[in-house]
Amino acid sequence: GFVYSPDWSGSTWGNALNVSVDYYDIRIDDAIQGVDASDIITNCVDTLDTELCALVERTSAGGINLVQNKLQNIGNIETSGVDFSIFYRSHEYGIGQFDYTINATRLIGYSEKVNGVSNELSGSITDETFQRAFPDWKATSSLNWNRERWGGGITWRYASSMEQASGNTLTSQVFTDIRLQYRGLKDETLTTTFGINNVLDNDPAICDS
């Protein structure tokens, strides 16, 4: 990666400018994973393997009570992506000083391999009990203002669309948060902040399960 912070950013139009770009490529061997419960059940039915079927506990009525898919060092994880960051700060004017920040991530790929079976998860949300989300793009940007003891800001949070295994699409989302703060109580050692998250009351995308 690299960081660019030019001297000329302290010019007539601004006080500071910083730009950074970072590329990452990570591989984890023998990652801790659990075999998917549905794979255990399916293979038990298909093969009648006694070891697999012993992992599926059933009730007296024959229903599934518990699947013992304990965590093991059987996995492999590979992921890569690019992180972007831009920070800008204005000069101080009569109305105050402003700064703007954006942090974004482009997920190029995220794959997990369990027992030799690879699963690409980028751009998707899992159907596990505790679901995990892997949007291709995530970003947070904020515009902040400060003047003497007062300050405030507006923040935008973005996540791109994702697919479920069922084919259901969760559309991309933007949430807007605002805040206002005052520094001055107890000789400026205490800051009071008032804020509203999701001030536009945007409804999130809904999973179909």
Side-chain angles (χ1 to χ4, degrees), residues 1 3-4 13-24 26 36 38 77-93 95-112 119-185 190-209:
V3 177
Y4 182 52
W13 55 267
N15 181 265
L17 174 67
N18 295 309
V19 179
S20 68
V21 178
D22 294 282
Y23 170 77
Y24 61 88
I26 301 169
D36 189 88
S38 62
I77 298 174
E78 294 184 17
T79 183
S80 62
V82 182
D83 295 334
F84 307 88
S85 180
I86 299 174
F87 171 79
Y88 165 76
R89 172 165 291 163
S90 74
H91 290 299
E92 191 163 356
Y93 302 103
I95 60 173
Q97 190 173 40
F98 298 87
D99 63 66
Y100 176 74
T101 303
I102 180 169
N103 294 296
T105 295
R106 170 68 168 97
L107 182 63
I108 296 174
Y110 188 102
S111 65
E112 294 179 342
N119 187 22
E120 177 61 44
L121 296 176
S122 58
S124 71
I125 184 168
T126 67
D127 289 325
E128 303 159 315
T129 302
F130 300 100
Q131 293 173 308
R132 296 177 295 152
F134 299 89
D136 291 327
W137 280 98
K138 289 192 299 183
T140 302
S141 63
S142 60
L143 177 64
N144 300 304
W145 162 77
N146 285 283
R147 184 178 185 274
E148 297 177 351
R149 294 185 176 186
W150 290 93
I154 181 170
T155 299
W156 297 274
R157 295 174 283 130
Y158 169 79
S160 59
S161 62
M162 291 174 287
E163 298 284 339
Q164 287 187 271
S166 63
N168 179 50
T169 299
L170 279 72
T171 57
S172 59
Q173 299 289 310
V174 177
F175 297 100
T176 304
D177 310 326
I178 61 172
R179 76 181 188 285
L180 179 68
Q181 63 186 33
Y182 177 73
R183 301 177 296 274
L185 301 179
L190 179 64
T191 298
T192 302
T193 303
F194 172 77
I196 303 175
N197 287 346
N198 192 18
V199 67
L200 300 180
D201 198 25
N202 182 35
D203 292 330
I206 303 299
C207 296
D208 65 359
S209 60

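We count residues from 1, following the sequence as given.
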When rounded to the nearest 0.5 Å, the distance separating OG1 of T140 from CH2 of W156 is 11.5 Å
For the pair Q181 and N146, evaluate side-chain contact (heavy atoms from CB on, under 4.5 Å) and give the outcome as yes or no after the intermediate values.
CA-CA 9 Å; Q181 63 186 33; N146 285 283; 4.2 Å; yes
Minimal heavy-atom distance between G14 and Y88, with the atoms involved, is CA-OH, 3.6 Å
State whether the side chain of D136 and the backbone N or O of G123 hold a donor-acceptor pair below 3.5 Å, judged by distance alone.
yes
**Report entry** Check: E148 main-chain N/O paired with R183 side-chain donor or acceptor under 3.5 Å
**Finding:** yes
Rounding to 0.5 Å, atoms OH (Y24) and CD1 (I108) come to a distance of 7.5 Å
Could you tell me if R89 and N144 have a donor-acceptor pair between their side chains, going purely by distance under 3.5 Å? no
Exercise for review: Please check if the side chain of W145 supplies one atom and the backbone of I95 the other of a donor-acceptor pair under 3.5 Å.
Suggested key: yes
Quiz item: Given side chains that start at C-beta, do those of W150 and L180 come closer than 4.5 Å, heavy atoms only?
Solution: yes
Rounding to 0.5 Å, atoms OG (S90) and CG (N15) come to a distance of 7.5 Å
Here the gap from N103 atom CG to S20 atom OG, rounded to the nearest 0.5 Å, amounts to 7.5 Å
| message | Any heavy-atom pair between the side chains of F175 and P204 that's under 4.5 Å? | response | yes
To the nearest 0.5 Å, atom CG of L143 lies from atom CD1 of I154 at 7.5 Å
On a heavy-atom basis, the closest approach of T155 and S142 is OG1-CB, 3.5 Å
Looking only at heavy atoms, the pair that brings E163 and G167 closest together is OE1-O, 3.5 Å
Checklist line | F134 and Y110 aromatic ring geometry - parallel, tilted or perpendicular at 30°/60° bounds | finding: tilted
To the nearest 0.5 Å, atom SG of C207 lies from atom CG of N168 at 7.0 Å
| task | Evaluate side-chain contact (heavy atoms from CB on, under 4.5 Å) for F84 paired with I102, printing each intermediate quantity in order. | result | CA-CA 8 Å; F84 307 88; I102 180 169; over 6 Å; no
Of all heavy-atom pairs linking G81 and Y23, the shortest is O-CD1, 3.3 Å
### Task
Ignoring hydrogens and angles, state whether a donor on the side chain of E78 or S80 is under 3.5 Å from an acceptor on the partner side chain.
no
Using a 3.5 Å distance criterion without hydrogens, assess whether the side chain of D177 forms a donor-acceptor pair with backbone atoms of G195. no
*Any sub-3.5 Å donor-acceptor pair from Q164's side-chain atoms to I125's backbone N or O?*
no
Shortest non-hydrogen pair, G109 vs T79, comes out as O-OG1, 3.0 Å
| Between the main-chain N or O of N198 and the side-chain N or O of T176, is there a donor-acceptor pair closer than 3.5 Å? | no
